[in-house]
Amino acid sequence: MMAFRLIQALLICFVCEIPVHAQRMPVRRVHVNPMAVCLADADANRIAWFDSYSGWAAFGKYVYSDDREHAWFQKLGGYLELFRNASSSNLVFLAHAEIISNSANDIRFNPRAVFWEEGFLFTQAFGRSYAQIGYFHRCKHDLDNYLLGQERTLIYGSLQGNYLMRFPTGGKNSSARLLIQNDIYTIRQDHRWPKRFESPSDHIRRLTGSVGIQADYHRKRPEHFFGCYAQMHTRLTLYGRRSGFFSRFEKISVMQIDYGFSAGALLGNHQTVRLGIFYERLSDTGIRVRPENAGMMGVGLTAVHSKDVW
């Protein structure tokens with residue numbers, strides 16, 4: 001019976017082509033594990049407040065896109081550790097931003113949309129694995145679109161639960177990590193102007209939850225300037241038959257899949273700079289007033305701390 005329902009949902013989504021659109025996550029290719037830093041030096045009885053912080057940044061160029069909205073991207077993020085209980089648990093505040101620009105002006109760099117995320121994340125360590133729970137507020141706003149006379153504003157907050165695992169790779173110079181992520185959506189708003197672009201068939205208010213998987217592998221040697229890395233991520237988003245806050249969980253009617261992968265070189269003496277290529281498929285880019293999907297390929301330069309941000 002369960003297999004039949006799964007096949008039925010896939011047929012609805014892909015054969016009947018109902019316009020259902022998953023939400024764009026600002027940190028699809030980045031995840032934070034602040035408990036992974038300085039574990040060996042932590043005092044088992046130490047409790048600290050506002051003890052550490054970290055951040056990351058990325059800039060890149062889209063070389064291929066199914067739409068006309070993706071030419072450049074810029075990303076910026078960071079966290080502040082509010083509380084740490086030695087090497088066992090901590091609570092952090094996070095904020096991320098993703099800015100998308102197209103080439104529709106005389107300098108071929110036209111800011112189009114900004115995606116914002118902020119929230120709190122609690123992490124509990126269990127040896128080589130970690131459990132996380134938090135709440136995130138996400139929103140999207142248009143940039144420099146006054147000439148278009150159109151606007152689309154998104155708000156999609158969620159309760160999030162994560163489980164992270166580190167795997168032995170048979171060598172001291174390499175590591176592999178796996179993240180399983182689950183989001184239960186609370187706020188679900190999709191405001192469009194002019195109003196004629198709003199449609200109940202987009203199912204935004206029926207958004208219930210999503211399940212994602214992210215895997216990361218990197219290999220580097222302390223005495224070398226170069227290393228290598230590879231990543232993949234995929235997310236399954238679920239929609240209920242009804243739009244009520246609780247009634248949307250009664251029955252799942254449609255599913256949507258987003259995915260992507262990237263690979264490249266680690267640079268620098270500490271090999272914390274990533275230069276690589278990526279491809280991703282989004283069922284809703286979140287940019288235009290009328291939702292559309294797109295496949296995109298690009299190159300990017302990302303600065304991360306490989307222990308706590310990956």
Side-chain angles (χ1 to χ4, degrees), residues 20-34 55-58 69-70 73-80 91-101 111-123 132-143 145 151-162 179-193 198 202-214 233-240 243 245 248-249 256-260 280-289 291-294 296 309:
V20 177
H21 306 278
Q23 303 306 306
R24 182 174 186 153
M25 296 296 187
V27 286
R28 302 175 299 284
R29 299 191 298 273
V30 174
H31 189 75
V32 175
N33 180 19
W56 59 96
E69 300 293 355
H70 291 79
F73 71 87
Q74 306 85 38
K75 294 184 178 183
L76 189 65
Y79 73 80
L80 171 64
L91 176 67
V92 299
F93 172 77
L94 304 94
H96 317 123
E98 177 185 17
I99 300 175
I100 302 298
S101 304
R112 188 65 178 89
V114 56
F115 295 84
W116 177 261
E117 177 181 271
E118 59 186 11
F120 295 90
L121 185 67
F122 176 81
T123 303
Q132 298 179 320
I133 186 170
Y135 182 82
F136 291 90
H137 171 83
R138 305 180 188 91
C139 58
K140 173 264 176 181
H141 299 276
D142 291 332
L143 298 173
N145 68 328
E151 181 179 353
R152 186 183 183 195
T153 301
L154 300 173
I155 302 176
Y156 43 108
S158 70
L159 290 167
Q160 186 179 101
N162 307 318
L179 164 69
I180 301 175
Q181 187 174 86
N182 178 66
D183 284 88
I184 303 297
Y185 293 94
T186 55
I187 304 174
R188 299 148 290 120
Q189 298 180 10
D190 188 345
H191 300 291
R192 306 178 197 175
W193 180 262
E198 293 188 357
D202 290 321
H203 294 263
I204 297 299
R205 296 181 180 178
R206 303 182 188 183
L207 182 64
T208 61
S210 60
V211 179
I213 297 176
Q214 179 177 326
H233 68 274
T234 183
R235 178 174 294 273
L236 175 67
T237 305
L238 308 176
Y239 299 82
S243 59
F245 188 86
R248 60 196 167 104
F249 296 99
Q256 188 69 52
I257 298 178
D258 293 355
Y259 58 90
E280 63 180 346
R281 182 76 184 180
L282 299 179
S283 55
D284 182 7
T285 64
I287 297 178
R288 293 190 178 182
V289 65
E292 61 181 1
N293 56 46
M296 297 161 287
V309 181

Which residue in the set N33, I133, L91 passes side chain to side chain contact (heavy atoms under 4.5 Å, CB included) when paired with T123? N33

Identify the residue among Q256, Q23, R28, Q181 that makes a side chain to side chain contact (heavy atoms under 4.5 Å, CB included) with R235. Q181

What closest approach, in Å, do [X] and [Y] show between heavy atoms, and which atom pair accounts for it?
X: K140; Y: R152; result: NZ-O, 2.9 Å
X: S283; Y: N293; result: O-CB, 3.4 Å
X: R112; Y: I287; result: CG-CG2, 3.5 Å
X: S158; Y: Y135; result: O-CD1, 3.1 Å
X: G286; Y: D284; result: N-OD1, 2.9 Å
X: G209; Y: Y185; result: CA-CD1, 3.6 Å

Separation of [Y] [atom2] from [X] [atom1] (nearest 0.5 Å):
X: I213; Y: L179; atom1: CD1; atom2: CG; value: 9.0 Å
X: D190; Y: R205; atom1: CG; atom2: CZ; value: 9.0 Å
X: I257; Y: L236; atom1: CD1; atom2: CG; value: 5.5 Å
X: R288; Y: D142; atom1: CZ; atom2: CG; value: 12.0 Å
X: S210; Y: Q160; atom1: OG; atom2: CD; value: 8.0 Å
X: Y156; Y: Q189; atom1: OH; atom2: CD; value: 13.0 Å

Any heavy-atom pair between the side chains of T285 and I100 that's under 4.5 Å? no

Applying salt bridge (Lys or Arg N to Asp or Glu O under 4.0 Å), name anything that partners [X], two or more places apart in sequence or on another chain.
X: R138; answer: E117, D183
X: D258; answer: none
X: R24; answer: E98

On the 0 to 90° scale, with breaks at 30° and 60°, tag the H96-W56 ring pair as parallel, tilted or perpendicular. tilted

Please check if the side chain of [X] supplies one atom and the backbone of [Y] the other of a donor-acceptor pair under 3.5 Å.
X: T153; Y: H191; value: no
X: R248; Y: L207; value: yes
X: R188; Y: T186; value: yes

Once side chain to side chain donor-acceptor pair (under 3.5 Å) is applied, do any residues pair with S243, and if so which ones, sequence neighbours excluded? none

By the definition side chain to side chain donor-acceptor pair (under 3.5 Å), identify the one residue from Q132, H233, Q214 that meets it with H31. Q132

Partner set under ring pair (Phe, Tyr, Trp, His ring centres under 6.0 Å) for F120, not counting sequence neighbours: F93

Taking only residues two or more places apart in sequence, or in another chain, which ones meet F122 in a ring pair (Phe, Tyr, Trp, His ring centres under 6.0 Å)? none

Pair L121-N162, side chain to side chain contact (heavy atoms under 4.5 Å, CB included): steps then yes or no: CA-CA 10 Å; L121 185 67; N162 307 318; 4.1 Å; yes

